[in-house]
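A quick note: this is a predicted structure, and the numbers were derived from the prediction, not measured.
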Amino acid sequence: MTDDDLLVELLRYRPDAASAAQLASSLGHRYPDVDAGGLTTRTLVEALDEVWERGWQPADVAHAARREATTGSVPLVVALIGAHARRTDAERRAPETWVGQLRELGALGDGDGAVVAAWQRSGRRSPAEAWRIVLQLLGVLRGAARIDVLVPPPSRWVAARTQPAGPPAPGDDRALRRIRGLLAKAESTEFAEEAEALTAKAQELMTRHAVDVALLAPDAPPAGDVATRRVHVGDPYVRAKMQVLAAVAEANDVRLVWYQGIGIANLVGARADLDAVELLFTSLLLQVAQALAAAERRDGRRSASRTFRRAFLLGYGQRIGERLQTARREATTAAAEESGLDLLPVLRNRREAVDAAVTELFPKVRASRSRASVDAGGWYAGRSAAERADVGSRHSPLT
């Protein structure tokens, strides 16, 4: 067996993190050119083909690489997704949801065909380090579980769309970009006061654009307006964070189906409702992190225990859900009085359209509840913090 044949055989395996680390050193000595002849790039791109057929989308793969491999694998997987997009002419052929994810990842445009070699050079990685990351990523791709196919994979794309997917339209999307930009700045700043100011401004824009629309829209969306969206939730405390997301989703007539173990949630609802849920959840994650840090300072803790932090998030999520439900009832009543219309049939039609879509997309879904015990101090501290969270419109104060 030649060296090339041996390498081909090695790349057929699905290494875990431990075996990848063990193999990397010996491979680095034997194959210092990690992408000789483009073999490693081709292997990884072919692994992407298999992942798409299992229901994964570009943003899902980037999330899995960040969560299960290493941060060094993220630029590599984005470059590989870009190479795959060029090979399949995704910008012209892929569904707009797919193209939007490629755009957000920065995976559109030109790129080096020898992806792995270019990535190794740009990061100045040693052969052993490069092999370790490559093998870990290969293990993530080959080990990806089968999930529901919500967007057609490349094998089902037509020759070309009537019109290529363009950049987001002006108007409402401009407001969404402003909100996302404010939240991104709030998450990146090291100064609590600045983060609070940015979050408050984002919350004001978010409420005006999304939450009020979701609660006060007088017309039920047609079935064709019901859409899906995936939200990626990172470690730690994924289950507790999912409870916060579920509380926000339920208050906005959005259904949530999540995959345990991979930190991916599927949201199903009207498009405006999905925008409201995603943006409000992002803001609340930032706010709960700040509230938890403040609770630790008040108690003189350098760092709370994992059980306290998890319980804090669960208590926070429950109380946020209660406040949002109260806000929804009050806003619906106010809207009905102002318009003189009975909104209950409208809301019922919206829910029925969403429920029908969930049944069609997720026929095997089943409800589940967490029965694990929680730290009582963390639970009540989280509920108390939720009382102070900014979730409502200035036009309809929460109680």
Side-chain angles (χ1 to χ4, degrees), residues 48-66 77-78 80-109 144 146-177 179-180 209-210 214 221-233 245 249 252 254-259 262-279 281-282 353-354 356-358 360-362 365:
L48 279 178
D49 270 323
E50 298 169 6
V51 168
W52 305 145
E53 295 299 320
R54 293 189 214 123
W56 292 68
Q57 301 169 26
D60 301 330
V61 172
H63 163 75
R66 185 178 298 106
V77 81
V78 169
L80 289 165
I81 291 171
H84 189 282
R86 291 189 294 275
R87 191 191 76 183
T88 56
D89 195 13
E91 193 166 8
R92 291 195 318 117
R93 298 177 57 226
E96 292 198 15
T97 296
W98 195 285
V99 178
Q101 293 180 26
L102 294 176
R103 184 178 294 110
E104 290 183 6
L105 289 172
L108 290 176
R146 186 174 296 278
I147 59 179
D148 300 275
V149 178
L150 302 184
V151 178
S155 63
R156 303 185 200 173
W157 295 348
V158 297
R161 290 190 307 273
T162 306
Q163 293 181 343
D172 287 348
D173 288 320
R174 186 179 299 115
L176 292 176
R177 290 197 299 275
I179 292 167
R180 289 192 180 99
H209 169 71
D225 191 47
V226 175
T228 63
R229 186 171 304 172
R230 279 183 176 155
V231 175
H232 304 105
V233 181
L245 177 57
N252 287 279
V254 169
R255 302 295 176 262
L256 182 149
V257 177
W258 74 288
Y259 304 122
I262 59 177
I264 296 179
N266 302 283
L267 300 178
V268 184
R271 297 177 194 276
D273 296 331
L274 294 179
D275 291 337
V277 169
E278 184 178 15
L279 292 170
F281 173 63
T282 301
V354 172
V358 172
E360 179 180 356
L361 292 168
F362 305 99
V365 70

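- Closest non-hydrogen pair, Thr282 versus Glu278, comes out as OG1-O, 2.9 Å.
- Within the 4.5 Å cutoff, side-chain heavy atoms of Asn266 are placed close to those of Tyr259.
- Separating the CD1 atom in Ile262 from the NE2 atom in His232 is a distance of 8.5 Å, to the nearest 0.5 Å.
- Between Val61 and Val51, the shortest heavy-atom contact is CG2-CG1, 3.7 Å.
- Looking only at distances, a side-chain donor or acceptor of Arg54 sits under 3.5 Å from a matching main-chain atom of Ala144.
- Atom-to-atom distance recorded for Leu102:CG and Arg86:CZ is 10.5 Å, nearest 0.5 angstrom.
- Atom CD in Glu53 sits 6.5 Å away from atom CZ in Arg156 (nearest 0.5 Å).
- The closest side-chain heavy-atom distance from His84 to Asp49 is below 4.5 Å.
- Between Phe362 and Val268, the closest side-chain pair of non-hydrogen atoms falls below 4.5 Å.
- Shown here for Val226 and Ala357, the closest heavy-atom pair between the two residues is CG1-CB, 3.7 Å.
- Remark: side-chain polar atoms of Arg255 are not paired, donor with acceptor, to backbone N or O of Val358 under 3.5 angstrom.
- Pairing each heavy atom of Ala265 with each of Leu245, the nearest pair is CB-CD2, 3.7 Å.
- For the atom pair CG of Leu267 and CZ of Phe281, the computed distance is 9.0 Å after rounding to the nearest 0.5 Å.
- Atom CH2 of Trp52 and atom CH2 of Trp98 lie 4.5 Å apart (nearest 0.5 Å).
- The two residues Val277 and Asn252 make their nearest non-hydrogen contact at CG2-CB, 3.7 Å.
- Side chain of Arg271 to backbone of Ala227: no donor-acceptor contact under 3.5 angstrom is found.
- Pro153 places none of its side-chain heavy atoms less than 4.5 Å from the side chain of Trp56.
- Checking Leu150, Asp275, Val254 one by one against Arg229, the side chain to side chain contact (heavy atoms under 4.5 Å, CB included) holds for a single residue, Asp275.
- Of all heavy-atom pairs spanning Gly55 and Val149, the tightest one is CA-CG2, 3.7 Å.
- Atom CD in Gln57 sits 8.5 Å away from atom CD1 in Ile264 (nearest 0.5 Å).
- Residues Val151 and Arg230 fail the side-chain proximity criterion, which asks for heavy atoms closer than 4.5 Å.
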Exercise. Show your working on side chain to side chain contact (heavy atoms under 4.5 Å, CB included) between Leu108 and Val99 and close with a plain yes or no.
Key: CA-CA 8 Å; Leu108 290 176; Val99 178; 4.3 Å; yes
